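Accompanying notes for the structure given below.
The model shown is predicted, which means the values in this text are computed figures rather than measured ones. Counting begins at 1 with the first residue of the sequence. What you see below is based on every heavy atom in this structure, not just the backbone, and it leaves out hydrogens, waters and symmetry mates. Just so you know, ligand 1 is whichever comes first in the structure, and atom 1 is the first atom listed for that ligand.
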Amino acid sequence: MTKKMILLNASPRKNKNTAQMLESVMKGAQEAGAECELIHLVNMNFKGCMSCFACKRTGNKCNGLCAYKDELRPLLEKILAADAFVMGTPIYWSYPTGMFRNVIERLLFPILRYDLDEKTGGASKYIDKKMKTALIYTMNNTPERYDLVNYGTILAPDQQYMEMMFGSCEVLNSFNTWQFPDYSKYDSSAIDVKEKQWFRDNQWPKDLQAAYELGKRMVE
Ligand SMILES: Cc1cc2nc3c(=O)[nH]c(=O)nc-3n(C[C@H](O)[C@H](O)[C@H](O)COP(=O)(O)O)c2cc1C
């Protein structure tokens with residue numbers, strides 16, 4: 001049966017770094033035979049978790065799907081029915097964007113059940129949904145600065161929560177991305193443009209290739 005992959009772009013830019021990484025993932029998945037849908041969140045009207053707790057009511061029929069009805073809900077339903085799910089986001093002020101966070105809240109919280117799991121002694125889940133997932137982060141920082149400012153620690157919980165809910169989650173980082181078409185036209189003297197250009201010429205093609213391979217791997 002044809003596998004289905006849903007990809008979400010949580011960058012406001014529809015054709016820049018994050019979008020291009022996602023397009024490469026999609027290409028890899030499509031070439032491996034998957035049916036893919038890439039959705040840009042920027043024009044969608046949705047909120048984060050409203051804390052209505054409809055998904056925690058005893059006897060609720062949510063089945064792990066957020067009860068709050070807005071433009072995101074049908075998309076969440078699609079994700080829960082997919083075989084693979086990828087979300088990409090730029091890093092803004094050391095964190096994923098608000099759009100990314102809203103999706104994480106609305107996708108993961110309805111699956112979490114506050115009842116005790118007898119086997120693990122931890123919280124349980126309303127559904128046992130297994131699928132391949134991945135998170136893609138693009139950022140200005142270099143790998144060295146990523147370590148220095150502890151981005152690994154900041155970003156780790158989202159990967160862990162995705163693993164907890166869906167059984168797997170790979171992470172792909174793209175560092176020191178190209179932000180403007182022409183740096184000479186922007187106030188950017190603190191930026192080492194030569195170093196950025198080096199990343200653009202040498203690292204960026206490798207990042208796109210890694211994204212392509214990730215897409216293939218996820219649906220094979
Ligand atoms: C509001 C804003 C805040 C940002 N904050 C950070 C940051 O804290 N760390 C970082 O490495 N890059 C930061 N960046 C750079 C972006 O993460 C980076 O350019 C990213 O690749 C942009 O993705 P896009 O091309 O898909 O829009 C910021 C960019 C913007 C617009």
Side-chain angles (χ1 to χ4, degrees), residues 5-30 36-48 72 75 79 85-105 107 133-159 162 169-215 218:
M5 176 185 270
I6 303 288
L7 305 101
L8 301 187
N9 178 19
S11 166
R13 305 201 291 180
K14 290 185 185 175
N15 55 7
K16 293 292 191 282
N17 299 286
T18 313
Q20 286 175 35
M21 287 290 281
L22 287 165
E23 275 158 19
S24 284
V25 176
M26 183 160 74
K27 194 165 168 240
Q30 280 169 335
C36 300
E37 196 177 347
L38 169 56
I39 296 134
H40 302 280
L41 295 170
V42 65
N43 295 332
M44 288 178 62
N45 191 5
F46 64 93
K47 293 184 158 77
L72 188 65
L75 192 48
I79 295 167
F85 168 58
V86 185
M87 182 151 60
T89 178
I91 297 300
Y92 281 6
W93 294 107
S94 300
Y95 288 88
T97 60
M99 284 181 263
F100 175 99
R101 175 104 337 260
N102 285 350
V103 170
I104 288 286
E105 289 174 9
L107 178 66
T133 74
L135 298 174
I136 294 180
Y137 300 112
T138 75
M139 67 201 85
N140 245 342
N141 271 326
T142 58
E144 292 73 30
R145 287 231 14 111
Y146 174 95
D147 288 338
L148 204 68
V149 294
N150 283 322
Y151 276 9
T153 310
I154 293 172
L155 301 173
D158 285 326
Q159 182 183 17
M162 290 283 280
C169 182
E170 282 196 56
V171 165
L172 195 57
N173 292 312
S174 179
F175 300 105
N176 210 353
T177 53
W178 194 254
Q179 266 187 298
F180 320 120
D182 180 353
Y183 275 78
S184 70
K185 296 201 168 95
Y186 291 82
D187 298 331
S188 54
S189 61
I191 288 178
D192 185 341
V193 180
K194 265 197 184 149
E195 186 190 44
K196 250 198 194 302
Q197 185 71 59
W198 186 92
F199 268 81
R200 196 61 177 175
D201 296 341
N202 298 284
Q203 189 54 45
W204 178 242
K206 289 182 189 157
D207 292 348
L208 292 175
Q209 181 62 25
Y212 170 84
E213 279 157 19
L214 169 73
M218 284 179 76

Open item on the list: Checking Lys185 now: which residues fulfil salt bridge (Lys or Arg N to Asp or Glu O under 4.0 Å) with it, not counting sequence neighbours?
Closed with: Asp182
- [ ] Identify, with sequence neighbours excluded, every residue that meets salt bridge (Lys or Arg N to Asp or Glu O under 4.0 Å) alongside Glu195.
- [x] none
Task: Heavy-atom check, side chain of Leu8 versus side chain of Phe85, under 4.5 Å - done: yes
Task: Neighbour count >12 (heavy atoms, 6.0 Å) for atom CG, Asn202 - done: yes
TODO: Could you please provide the protein residues found below 4.0 Å of ligand 1 on a heavy-atom basis, arranged by chain and number?
DONE: Ser11, Arg13, Lys16, Asn17, Thr18, Pro90, Ile91, Tyr92, Trp93, Ser94, Thr138, Met139, Asn140, Asn141, Tyr151, Thr177, Gln179
Task: Partner residues of Ser188 under the side chain to side chain contact (heavy atoms under 4.5 Å, CB included) criterion, sequence neighbours left out - done: Phe180, Tyr183, Tyr186, Ile191
Task: Partner of Leu7 under side chain to side chain contact (heavy atoms under 4.5 Å, CB included), chosen from Met26, Met87, His40, Glu23 - done: Met26
